[in-house]
Asks: 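First, the structure itself, so that you have it in front of you.
Sequence positions, counted from 1, serve as the residue numbers for this chain.
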Amino acid sequence: QLAVTNELGVRSAPARCEIDAVPPDLIHVELLWNTPNADLDLHLRQDGSSLFDEPEDCSYCNPSPNWGASGPDDDPILDLDDYAGYGPENIVIAIPVDGEYIVAVHYFDDHGDAEVTATVRVWIAGIMAEEVTQVLQRNEQWDAARIVWPGGAVLPIEDPPVVAALRACD
């Protein structure tokens, strides 16, 4: 709301303008954690793939994979990789193709921080659809949620973290 006063001291009627800010990405996944030094990595995998599978796993190894979609807006993008504490790390898809996606976290290196609490948030069309947390130890992999598209259902995965079969990409 804005009201203006001129040089004679006459005040205008208030003018009001409302803006709805809608992000351009239909899927936005964010990873945060609670320690200053640990390096956690966010992964978004096509259902049925494993950590570090290429091109099915979007992560720091493969930040803009080609998932064979009709255009670049259909493919995921890791737009931020934080390797020294707290996060965030973000993966976005502007226009997702139909299918299921697995949101996963890999605790790559502790740098002296030991156990961490990871938080994953998933937004669908700008609205937070799910937030899940998990305590992790170095080299654990946590499959946090499943995203079902179309529809944008976000389903937490209740399985406990496991020791990651692989440590890094080739």
Side-chain angles (χ1 to χ4, degrees), residues 1-47 49 55-108 116-136 142-158:
Q1 181 170 305
L2 175 67
V4 179
T5 304
N6 69 13
E7 65 275 356
L8 300 174
V10 178
R11 187 173 172 94
S12 71
R16 183 180 176 110
C17 179
E18 289 188 24
I19 299 171
D20 289 326
V22 178
D25 306 308
L26 290 179
I27 295 177
H28 179 119
V29 182
E30 178 185 49
L31 167 65
L32 305 161
W33 58 97
N34 67 332
T35 63
N37 299 311
D39 180 6
L40 277 67
D41 293 310
L42 180 61
H43 293 253
L44 184 66
R45 306 186 325 257
Q46 292 177 313
D47 193 27
S49 65
E56 296 87 5
D57 179 18
C58 179
S59 68
Y60 73 95
C61 298
N62 194 20
S64 56
N66 180 346
W67 282 1
S70 61
D73 290 340
D74 299 345
D75 294 322
I77 296 171
L78 174 70
D79 69 359
L80 183 58
D81 178 23
D82 181 351
Y83 49 85
Y86 297 115
E89 292 203 0
N90 299 297
I91 295 177
V92 298
I93 304 177
I95 304 170
V97 296
D98 293 356
E100 295 190 14
Y101 308 98
I102 304 298
V103 177
V105 176
H106 178 227
Y107 187 172
F108 181 71
V116 302
T117 300
T119 300
V120 168
R121 296 178 181 147
V122 180
W123 281 268
I124 302 296
I127 298 171
M128 188 163 49
E130 190 65 56
E131 178 178 278
V132 291
T133 61
Q134 180 67 51
V135 175
L136 297 171
W142 169 44
D143 287 349
R146 175 183 306 274
I147 302 170
V148 181
W149 202 267
V154 181
L155 311 167
I157 297 174
E158 302 295 333

Asks: Output yes when a side-chain donor or acceptor of Thr35 lies under 3.5 Å from a complementary backbone atom of Val116, and no otherwise.
Replies: no
Asks: If we ignore hydrogens and angles and just use 3.5 Å, is the side chain of Asn62 paired with the main-chain N or O of Asp57 as donor and acceptor?
Replies: yes
Asks: Which pair of non-hydrogen atoms, one from Trp123 and one from Met128, has the smallest distance, and what is that distance?
Replies: CD1-N, 3.1 Å
Asks: Can you name the nearest heavy-atom pair linking Ala145 to Val154, along with the distance?
Replies: CB-CG1, 4.1 Å
Asks: Taking atom NE2 of His28 and atom CG of Asp79, what is their separation to the nearest 0.5 Å?
Replies: 6.5 Å
Asks: Answer yes or no: is there a side-chain heavy-atom contact under 4.5 Å between Leu42 and Val103?
Replies: yes
Asks: Classify the ring geometry between Trp67 and Tyr101 as parallel (under 30°), tilted (30 to 60°) or perpendicular (over 60°).
Replies: parallel
Asks: Rounded at 0.5 Å granularity, tell me how far OH in Tyr107 sits from CD in Gln134.
Replies: 13.5 Å
Asks: Looking only at heavy atoms, what is the nearest atom pair of Thr133 and Trp142, with distance?
Replies: C-CH2, 3.8 Å
Asks: Measuring from Glu131:CD to Glu30:CD, what's the distance to the nearest 0.5 Å?
Replies: 9.0 Å
Asks: Going by side-chain contact (heavy atoms from CB on, under 4.5 Å), Cys61 matches just one of Pro63, Ser59, Pro65. Which one?
Replies: Ser59
Asks: Using side-chain contact (heavy atoms from CB on, under 4.5 Å) as the criterion, point out the one residue from Asp41, Leu80, Leu32 that pairs with Glu89.
Replies: Asp41
Asks: Could you tell me whether Arg45 and Glu56 make a salt bridge, using a distance below 4.0 angstrom between a side-chain N and a carboxylate O?
Replies: no
Asks: Just to verify, what does Glu18 make a side-chain hydrogen bond (donor to acceptor under 3.5 Å, both in side chains) with, not counting sequence neighbours?
Replies: Arg16
Asks: Check for a donor-acceptor pair, side chain of Trp33 on one end and backbone N or O of Ala38 on the other, with a separation under 3.5 Å.
Replies: yes
Asks: Going through the distances and angles, do Val29 and Val92 end up as a side-chain contact (heavy atoms from CB on, under 4.5 Å)?
Replies: CA-CA 6 Å; Val29 182; Val92 298; over 6 Å; no
Asks: What's the spacing between Asn90 CG and Asp82 CG if we round to 0.5 Å?
Replies: 10.0 Å
Asks: Roughly how far, to the nearest 0.5 Å, is CZ of Arg11 from CG of Asn6?
Replies: 11.5 Å
Asks: If you look at every heavy atom in Ala144 and Val120, which pair is closest and at what distance?
Replies: CB-CG2, 4.1 Å
Asks: Which heavy atom in Ile91 sits nearest to a heavy atom in Cys58, and how many Å separate them?
Replies: CD1-O, 3.5 Å
Asks: Applying the side-chain contact (heavy atoms from CB on, under 4.5 Å) test to Ile147, which of Val122, Leu155, Ile93 qualifies?
Replies: Val122
Asks: If I compare all heavy atoms of Ala118 with all of Leu40, which pair ends up nearest, and what's the gap?
Replies: CB-CD2, 3.7 Å
Asks: Going from CD1 on Ile102 to NE2 on His43, what distance comes out if it is rounded to the nearest 0.5 angstrom?
Replies: 13.5 Å
Asks: Using side-chain heavy atoms (C-beta onward) and a distance below 4.5 Å, is Ile124 in contact with Trp149?
Replies: yes
Asks: Strictly distance-based, threshold 3.5 Å: is any side-chain N or O of Asn34 a donor or acceptor partner for the main-chain N or O of Thr117?
Replies: yes
